[in-house]
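Position 1 is the first residue of the sequence, and the numbers go up from there.
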Amino acid sequence: KNDDHILSKQYNRIIGEIFQIQGEIAGQIASELSGYLSNQQLTEIKRNQTDNLEAYNYYQMGRFHINLGRRDDPYASFDYFRKAIRADSNYALAYAGLAEAYVYMTSQGRGWMEDQESGKDTAVKLAIKALEIDENLAEAHKVLGRIYRNFDYNYKAAEKKYLKAIELGNTDYSSYAWLLNMTGRPEKAREYMDKVIMLDPVSFDERFSSALLYLTEQNYSKALEEIDICLELVPEHYYALEFKCLINFELGNEKAAYESLRKVGP
C-alpha cells in the first residue's frame, strides 16, 4: 500500500515433486511475512488442497474458463471441474468451482440453464460437499454467499458468508461489492471494486463488473473506459460489445453505438 519493500528472494530448485517444492517455498515466504499475515493466512498459505497434479491442472483450466466470461466457456469449466473431481474426489476447491459454475449459469439471465431451481440445488450440494472436506474453504463460503444473494435474496445471510470468505483470505471482493451496491451502500461498493482491480488489473471479469457498477452509478464515461479495457483483454467479446453499444447510446454517441452493435451480429 505504501510502496515499501517487504521481501525479495530468488529460489533455484530442480522440478521434481512440484507440490513439495511449492509448499517449501510458500512456507519460507510465509515465515518471512509472519509480521504481516494472520495465523489463519499463515496456515492457509502452507497448505495444498491436492497433491494430484492432474486434478490441479484441471481445476486451473476450469477457473480460466469461468473467469474469462465468454459465451460458451462455462460449459468448458463444467468439464474441467468434473475431471478434477474424478482425478481427486477429495479436492474441495474443485467442488466449489463446479458449484460456482452452476451459479454462474443459472443466475445471470443468460439462458444457459433453464431449470434455475435445479441448478441452485446442485450448487448448494456441491458447496456443502466442499465444506465437508474443508470447513475453512473461502471459495465455498463465497459461493454460498452468491446463492443467498442471487436466488434467495437473503442479503443478510449473503453478507455473512462474503465476510467469512474474506476473513479466510478470499480476494474476490466484486461479489461483496455488488451486495453492498444492492443494499444501498454504493460508495463502499466502489471501494471494494477498486480493491479487486488493484489486485488483478488484467481480469476481464473484474473489469466488466466494474463497468457494470459504474453504469448503476450513471458514470458512463468511466464505464466506457472499463469496457474498452475489457475489449483490449478479450477482443470482440459479445457482452462487452453489447455493453459498449448501451453506454455509447446513453452518452449520445449513436454512431459509435451502431458500430459496436454491428460487431455483435444478428
Least distance between heavy atoms, L179 atom then T183 atom: O-OG1, 2.8 Å
Interatomic distance, E242 atom CD to C245 atom SG [nearest 0.5 angstrom]: 8.0 Å
Starting at OH of Y59, measure out to CZ of F81 and round the result to the nearest 0.5 Å. 6.0 Å
As an exercise, state the distance from OH of Y58 to CG of N52, rounded to the nearest 0.5 Å. 9.5 Å
Does L137 share a hydrophobic cluster with I166, counting links as ILVMFWY side-chain heavy atoms below 4.5 Å and allowing steps through other members? no
With heavy-atom distances below 4.5 Å as the criterion, would you say the side chains of Y258 and N248 are in contact? no
Is R190 salt-bridged to E187, going by a charged N under 4.0 Å from an acidic O? no
Salt bridge (charged side-chain N to carboxylate O under 4.0 Å, His left out) filter on E191, not counting sequence neighbours, yields K188
Side-chain (T216) to main-chain (L213) donor-acceptor, under 3.5 angstrom: yes
Inter-residue atom distance I133.CD1 - Y95.OH, 0.5 Å rounding: 5.0 Å
Quick check: closest heavy atoms across A99 and A127, and the distance to 0.1 Å? CB-N, 3.9 Å
Does A177 offer a backbone N or O that forms a donor-acceptor pair with the side chain of N181 under 3.5 Å? no
Surrounding NZ of K195 (heavy atoms of other residues, nucleotides or ligands, distance under 6.0 Å), is the total greater than 12? yes
State, to 0.1 Å, how close I227 and A240 come at their nearest heavy-atom pair, and which atoms those are. CG1-O, 3.6 Å
Measure the NE2-OG distance between H65 and S77 for me, rounded to the nearest 0.5 Å. 8.0 Å
May I ask you to check whether Y162 and Y173 place their ring centers less than 6.0 Å from one another? no
Give the minimum heavy-atom separation between I197 and S210, together with the two atoms involved. CD1-CB, 4.2 Å
Going through the checks in order, is the ring-ring contact (aromatic ring centres under 6.0 Å, His included) test met by Y155 and Y148? CA-CA 7 Å; Y155 299 139; Y148 287 134; over 10 Å; no
Heavy-atom closest pair, residues E54 and A87: OE1-CB, 3.9 Å
ILVMFWY network linking I247 to F249, side-chain heavy atoms under 4.5 angstrom: no
So, applying side chain to side chain donor-acceptor pair (under 3.5 Å) with Y176, which one of R146, E159, R149, K142 is it? E159
Between D228 and K244, is any pair of side-chain heavy atoms under 4.5 Å apart? yes
With K161, the side chain to side chain contact (heavy atoms under 4.5 Å, CB included) member among V143, I147, L144: L144
Does a salt bridge link R63 with E100, judged by any charged N lying under 4.0 Å from a carboxylate O? yes
I need the minimum non-hydrogen distance between L231 and E236, along with the two atoms involved. CD2-N, 4.0 Å
Assess whether salt bridge (charged side-chain N to carboxylate O under 4.0 Å, His left out) is satisfied between K83 and D79, documenting all intermediate values. CA-CA 6 Å; K83 285 180 177 178; D79 187 43; 3.4 Å; yes
Could you give the distance from CZ (F208) to SG (C230), rounded to the nearest 0.5 Å? 6.5 Å
